[in-house]
**Q** 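Got a structure for you, questions after.
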Amino acid sequence: MGKITIVKAINQALAEEMARDEDVVLLGEDIGQDGGVFRVTDGLLEKFGPQRVMDTPLAELAIAGTAIGMAVYGLRPVAEIQFMGFTYGALEQVFSHASRIRSRSRGRFTCPMVIRTPYGIGIKAPELHSESAESLYCHMPGIKVVAPSTPYNAKGLLISAIRDDDMVLFMEPASIYRAIKAEVPTENYAIPLGKAAIMQEGDEITLVSWGAMLHKAMEASEGFDCEIIDLMTLKPFDEEAILESVRKTGRLVIVHEATKNCGLGAEIAALVAEEALFYLKAPVLRVAGPEAVTPMASLEDEYVPKVARIREALKDVMKY
Amino acid sequence: MGKITIVKAINQALAEEMARDEDVVLLGEDIGQDGGVFRVTDGLLEKFGPQRVMDTPLAELAIAGTAIGMAVYGLRPVAEIQFMGFTYGALEQVFSHASRIRSRSRGRFTCPMVIRTPYGIGIKAPELHSESAESLYCHMPGIKVVAPSTPYNAKGLLISAIRDDDMVLFMEPASIYRAIKAEVPTENYAIPLGKAAIMQEGDEITLVSWGAMLHKAMEASEGFDCEIIDLMTLKPFDEEAILESVRKTGRLVIVHEATKNCGLGAEIAALVAEEALFYLKAPVLRVAGPEAVTPMASLEDEYVPKVARIREALKDVMKY
Amino acid sequence: MPLKIIKTFDVKFLQIIDESGRADAGLLPDLTTEELLKIYRAMILSRTFNRMALALQREGRIGTYASILGQEGAETGSALALEKGDWIFPSFRETGVFISRGYPLWRMLRYWRGDERGMEAPADMNIFPMSVPVGSQITHAVGAAMAMNIKKDKNIAVTYFGDGGSSRGDFHEGLNFAGVFKAPVIFICQNNQWAISLPRNRQSAAETIAQRAAGYGVPGIQVDGNDVVAVYAATARAAERARAGEGPTLIECFTYRLDDHTTADDSSRYRTDEDVAKWQKKEPLIRYKIFLENKGILNKELDKEITDEAEGLVKAAVTEAEAVAPPAPADIIKYTSATLSVRQKKDIKALKWEK
Amino acid sequence: MPLKIIKTFDVKFLQIIDESGRADAGLLPDLTTEELLKIYRAMILSRTFNRMALALQREGRIGTYASILGQEGAETGSALALEKGDWIFPSFRETGVFISRGYPLWRMLRYWRGDERGMEAPADMNIFPMSVPVGSQITHAVGAAMAMNIKKDKNIAVTYFGDGGSSRGDFHEGLNFAGVFKAPVIFICQNNQWAISLPRNRQSAAETIAQRAAGYGVPGIQVDGNDVVAVYAATARAAERARAGEGPTLIECFTYRLDDHTTADDSSRYRTDEDVAKWQKKEPLIRYKIFLENKGILNKELDKEITDEAEGLVKAAVTEAEAVAPPAPADIIKYTSATLSVRQKKDIKALKWEK
Ligand SMILES: Cc1ncc(C[n+]2csc(CCOP(=O)(O)OP(=O)(O)O)c2C)c(N)n1
Ligand SMILES: Cc1ncc(C[n+]2csc(CCOP(=O)(O)OP(=O)(O)O)c2C)c(N)n1
Ligand SMILES: [Mg+2]
Ligand SMILES: [Mg+2]
């Protein structure tokens, strides 16, 4: 054990899985010599050599496309895309291929690969370095989407993602890459995909979030009797955990930083409106980004849900 | 007046707008000599010449990217992408540029362009010719999304889309391209974007759909007292029309063919769960595609919502 | 120093058997009679399958079909130059490649009926499902080839795409990766001079596609795609290079699409009969047959035997394909991922696809 | 017929002023003293701005910044060879281009403070906002150039990108479109030999980027990017061609990124001081200054005057930029589209950004 950051936890997960299974290989821009622009892959080139830690040319489509080729051939590639905004150039490969190869070949070929990418607002980087585009990926059948919130679950979830037999998009909360240090076992452990974590039990409000926003949600919950759910796996998400909680609390607030319209919060709200409607005592509130693209650094703190806004939503649902 | 198909109505809209405004130009694969694989642009090359009807090389990224360049330079390009599944290769251009140029330049540059693309299941074409990916686009601020359902609204909506000062994705329901013939004025007319149409008034169930599915919804509604809303503009959709109707009926069923998870139906349900919760007498039901990628031809009719499934949902909500 | 030439590139063209069936003895690869006949058999079987598939489509027994008429040389010649363990990443117009590799014909027919099971390759056959988004399969071959290097396997990867496909970013990024990683991959461009209605000279202002290779530090060659032996030789040479660790090769097969783009197309809208007729005379079987006859390898009798055999195989495949039970709706969901999600189980139940 | 060479391409390299400041008289473009000094002023102003921006970043007065040190020759030389009405589509490392075109310096600083208003170009200045996704601006320039053809305008479009950018599909699709449509566009690749940590020889196995042009039927040339006059001459020639309806040109400016990738980078992790020192000696200002001095155009006094003027301009810009009121949060929403949606109005209210 030892207190480490999310960056280090991910690094550990990669190193352990690479040591355990020689089919696990890494590829991406600047991940080798440079150790990645966030240093997530620091030291791995030295440890595993250039055939397993591949610095690629600048081409996201090809990073995804060649990872697919490696995966169907029998490797377990873990590709890094430097920022989530740059995964847009790889969407066709994900949507038309990674997600469909198993189905298209009726199981003859499979695509066990991971795309790791930092996401979210908070690092005051240039435009398109702050995207939170999970719902695009969540809409696409055949792939999984994961977003850790702590060093502990970052390690365990990434290990599961690497071992998963289909493509997993692994979204790393850049704004808390180094902000949180926590105890993480030095042993190898896996946290199952598809299961949410109840961070705090409570009786009056179900508060659902993930990634960096989870911490704001937790902060905002002080003084309220919240059941706080860390979704962790965004696709397929843990429907039962949410429904069960809402059946108990009767109130639901969802917090995410992506723009609200057609965000993942909508699916969670819709699920509850379909399967637990009569348990609801209050409107389902989504505290999310406004209807605008993520702004540049000087306004980014205005865009992203603030603790005060979350508290307001909690107050609002408690009015019912 | 005269009874024409959706294909012909779109062709008319293009011809009229091109005659009215010489800045309107077309580009895409096979749209010139061949008149488009669905013949939507038939005759336009002859009428307007190769500088305004441009057959492009096979490259969707460049079709979107050059359309953006044309739009910022002062033209009003209407790009055709041959099938919605092939827009995936153009997503980065749409998400990172078309949707953000106005914001990024604080209004100095704008991007008045249209991407037209056939969507949906029902023509028994090869894989990826049947996508219904509206929710991906609806999630992205800065662009509009439109899906006509009849020859009349196809013409009027496309005319508005072309005149709009921002990017509009215009989704054409391929399965009913030629299935419906209806009276369409030969004059030029515009149907405002952002407004839904009440196709039928009713008191017991609000039934929301768009594009090809609308017709199935209408068929299924027989015997039920449905208020049927044709959304037409999917982004930004007519929130007031839906809320008002649900406040009256207390029941909501949404029909779309895209996979349910994170589909546009989720946003509609979530909106109601937030703003009209206490009017709801029954769970909000979504009749949508299952959690799977669109299958090839021999199973496509199984994937897409059937009239019987919609009727079941209507029956279900009437149980409350 | 000032304005100086720092590099010079040649673009080469290879033809071994000309349109009249005459061969260049110096270039002829060392092929046994058996091997030469194997090529002929594969071409005949491809053409027979193609003809019957078009007939089945007209009868509504399969769906939209993409004819390979005229491209049998490029497909068969390249596919037969490979080893059994090699991996193939095709587009949708490589029926002749599938057939040359021994792919079950009935599965091909199931595919064109719109049945995913058609693309379930036999376990010992490394042929990837057809890729519908044009060009998007290219990087897969490169990735597989990179994996072969990593795993120190002696296989190679081959990808096929059209002149249209060569315009996509995938081509560029794929060739560039292959060059950088010295991946054992062959890029075979079937330049059939049309991308639906777009003629080759409007697909690019460059005169050949082969000349792009230099831009990636990769060797490239244009081959007469209607000369099956030239295609074979060029592919064999590229495969040799790849297996020797010398990296990728781009082969442009210059050929011609004699039929409509697919059965949903009407090529009379954009090209003339004369244009097609000109190329009809250059199609690959005419010259190869003359070549074999001149060599004394083929005669009327043997030809009939081969043709009859092909007919028989395809007919049996049609019967087999049509006897297959329709796919189960639940398969739509079941093959999405390794395990079913809660949502998927709900869907299967709600759709009454299973109890 | 058999294996024959069907085409040959040359790749040319242009240098006019060498590293020691000696010029090739035969290649020197016809530039007046005033024009030569304009170039010098632009280079000095670019370098001064760059130095101060780096200082401001260290003090936390602007955000992450991408230095152009060493690339002033490529940026200034190309930007000044254009006409006022021409359109520019830059990446994020063209500060010298913005400055050479007369872009308000205070806006540049606002941009690097993370303020969208920084990229609101003056109405009479056709310079597009910096593009952050590498290479993704290339097709925009091509589209604008196609529009110029359609509108029969005499403008041209110019796009800038790096050696990294040249690996993206956008490059390929953009050049190919430009070739097919004979678009009046110049592709300027600033090959500064690094894409963050990836050295040029691992970005592609091709020795030059210029040699890609042939693959699109487009002329290409490699230019000494540290020779501002060579860049000027090559750009002027390409612009002339474009304006004459002869279509696009690819210019590879061979230069070197002397600083870290951005202020967030630490280049000592992947390259040595010696490597940088070697290129320090070849940087563009050294030789251009000697050239001007030798020509008797520049002397100590004038140099000081120009340098002081630049300092003054940048200092004034800093003051101006820092006096600007912070952007209004509601602008996040207001500039999304021409009209506000119902949802956006709700958002503005809910966020209390306006009453
Ligand atoms: C990305 C993409 N865009 C468009 C299409 C529609 N389409 C199918 S084939 C084709 C032309 C392909 O031309 P080419 O690559 O030369 O192959 P060929 O059909 O000649 O074999 C087009 C436009 C597609 N399948 N994928
Ligand atoms: C599509 C995309 N991928 C990754 C990045 C992150 N990134 C920013 S600059 C850069 C390297 C760019 O190299 P090059 O094109 O040579 O330009 P240079 O920085 O040398 O000017 C990278 C990887 C990005 N901005 N966009
Ligand atoms: Mg073709
Ligand atoms: Mg560079």
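Note on naming: letters A, B, ... go to the chains in the order of the sequence lines (proteins, then strands), and numbering restarts at 1 for each one. Here the structure is a predicted model, which is why all the values come from computation and not from measurement.
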**Q** Below 4.5 Å, heavy-atom pairs only: which of D:Gly179, D:Ala214, D:Ser167 has the largest tally toward chain C?
**A** D:Ser167
**Q** What are the two closest non-hydrogen atoms of D:Leu3 and C:Leu27, and how far apart are they?
**A** N-CD1, 3.8 Å
**Q** Given that the side chain runs from C-beta out, which part of D:Ile221 has a heavy atom under 4.5 Å from chain C: side chain, backbone, both or neither?
**A**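 It is the side chain, since no backbone atom gets that close.
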**Q** Around atom CZ of C:Arg269, are there more than 12 heavy atoms from other residues, nucleotides or ligands closer than 6.0 Å?
**A**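 Yes, CZ of C:Arg269 has more than 12 neighbouring heavy atoms, counting only those of other groups under 6.0 Å.
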**Q** Could you tell me which non-hydrogen atom of D:Asn176 sits nearest to which non-hydrogen atom of C:Ser204, and how far apart they are?
**A**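 Result for this residue pair: OD1-OG, 2.9 Å.
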**Q** With C:Ile6, which of D:Gln211, D:Glu207, D:Lys12, D:Gln222 fulfils side-chain contact (heavy atoms from CB on, under 4.5 Å)?
**A** D:Gln222
**Q** Taking all atoms of both residues into account, what is the closest heavy-atom pair of C:Gly215 and D:Ala206, and its distance?
**A** O-CB, 3.2 Å
**Q** Which bit of D:Phe171 is near chain C, if near means a heavy-atom gap under 4.5 Å: side chain, backbone, both or neither?
**A** side chain
**Q** About how many Å separate CG of D:Asp10 and CZ of C:Phe9, when rounded to the nearest 0.5 Å?
**A** 10.0 Å
**Q** Donor-acceptor pair, C:His172 side chain versus D:Asp170 backbone, under 3.5 Å?
**A**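 Between the backbone of D:Asp170 and the side chain of C:His172 there is no qualifying donor-acceptor contact (under 3.5 Å).
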